[in-house]
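The block underneath contains the structure these notes are about, expressed in structure tokens.
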Amino acid sequence: MRVLVVEDDVRAAETVRRMLVSDGWSVVIARDGADGLWQATENEFDVMVLDIMLPEMNGYQVIKALRAREIWTPVLMLSAKDGEYDQAEALDYGADDYLVKPFSVVVLKARLRALLRRGGKERPAVLSAGTLRLDPSDHGVTRDGEPIKLTPREYSVLEFLMRNKGRVVTKTQIMQAIWDDNYGGDVNIVEVYVRYLRKRIDVPFGLESIRTVRGSGYCLSDDQ
């Protein structure tokens, strides 16, 4: 298996390299973000280990650039930061896993094996449906490049629909995914938010991307 390790700490990179090579891995080391991006773009790897704090480009910038170029190599991000927001940000940018320094090499190798089992399937960091774009990293929504302002609940409903693009989802599925378990209101509240969304993402642009499937639910598709 071929792994790219992007790490500017020489000692840490060498430790990871030595442990992986002993297990039969082929390891390529990059010392900064720019070189890591170049290596990952120009060469094929089964998996990538990416530090966050790097010279030239930080890990967030590297992973975002990779996913924008539709490079889906599984990425394990490393960081000395153990905050939940740091981890959420890395995953939102397109990382597949997150490991806090200092870490056990045994755990590192197990995480890499798990990523290999999942494979490099397409996992876009930015969701799209026609000219509609949704970026989970900053909760930004645009249509044909024009920003669209949504409430947090509207955004959550739209994100669920976009993650299920092309599939019919029921009101109950939307309710279970978005609303708190303690919510005791009518499931038809979903209709209200779908109507709000249409007024913001479709009507001003003369489009109809959220379709009602009578008796079943809703389906979001590319521009219509």
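Excluded from the calculations below are hydrogen atoms, water molecules and symmetry mates; all remaining heavy atoms, backbone and side chain alike, are included.
Other residues sharing the hydrophobic cluster of M19, ordered by chain and number and joined by side-chain separations under 4.5 Å: V105. Clustering of Ile, Leu, Val, Met, Phe, Trp and Tyr by side-chain heavy atoms under 4.5 Å joins V168 with V213.
A distance of 10.5 Å separates CD of E159 from CG of N164, quoted to the nearest 0.5 Å. The CG atom of L158 sits 6.5 Å away from the CD1 atom of I210 when rounded to the nearest 0.5 Å.
Scored by the ring pair (Phe, Tyr, Trp, His ring centres under 6.0 Å) test, Y98 finds no partners at all (sequence neighbours excluded). Every residue two or more places apart in sequence or in another chain that forms a side-chain contact (heavy atoms from CB on, under 4.5 Å) with T170 is listed here: T172, Q173. Shown here are the side-chain contact (heavy atoms from CB on, under 4.5 Å) partners of R111, two or more places apart in sequence or in another chain: L76, D97, L99, V107. Under the salt bridge (Lys or Arg N to Asp or Glu O under 4.0 Å) criterion, E89 pairs with no residue at all, not counting sequence neighbours. Applying the side-chain contact (heavy atoms from CB on, under 4.5 Å) rule to D9 yields the partners E7, R11, A12; only residues at least two apart in sequence or on another chain are considered. The ring pair (Phe, Tyr, Trp, His ring centres under 6.0 Å) check on Y196 picks up Y193, with sequence neighbours excluded. Under the side-chain contact (heavy atoms from CB on, under 4.5 Å) criterion, T212 pairs with R198, Y218, sequence neighbours left out. Residues satisfying the salt bridge (Lys or Arg N to Asp or Glu O under 4.0 Å) criterion with R31, sequence neighbours excluded, are absent altogether. The salt bridge (Lys or Arg N to Asp or Glu O under 4.0 Å) check on D35 picks up nothing, with sequence neighbours excluded.
For the residue pair E14 and R17, the shortest heavy atom distance occurs at OE2-NH2, 2.7 Å. Scanning all heavy atoms of the two residues, the minimum distance from V187 to M175 falls at CA-CE, 3.3 Å.
Between D96 and R67, at least one side-chain nitrogen of the basic residue sits less than 4.0 Å from a carboxylate oxygen of the acidic one, meeting the salt-bridge criterion.
Taking 4.5 Å as the limit, every side-chain heavy atom of L54 sits out of range of all side-chain heavy atoms of Q61.
Remark: the backbone N or O of K199 is not paired with any side-chain donor or acceptor of R195 at under 3.5 angstrom.
Listed by first and then second residue, the ring-ring contact (aromatic ring centres under 6.0 Å, His included) pairs involving residues 2-47 amount to none (not counting sequence neighbours).
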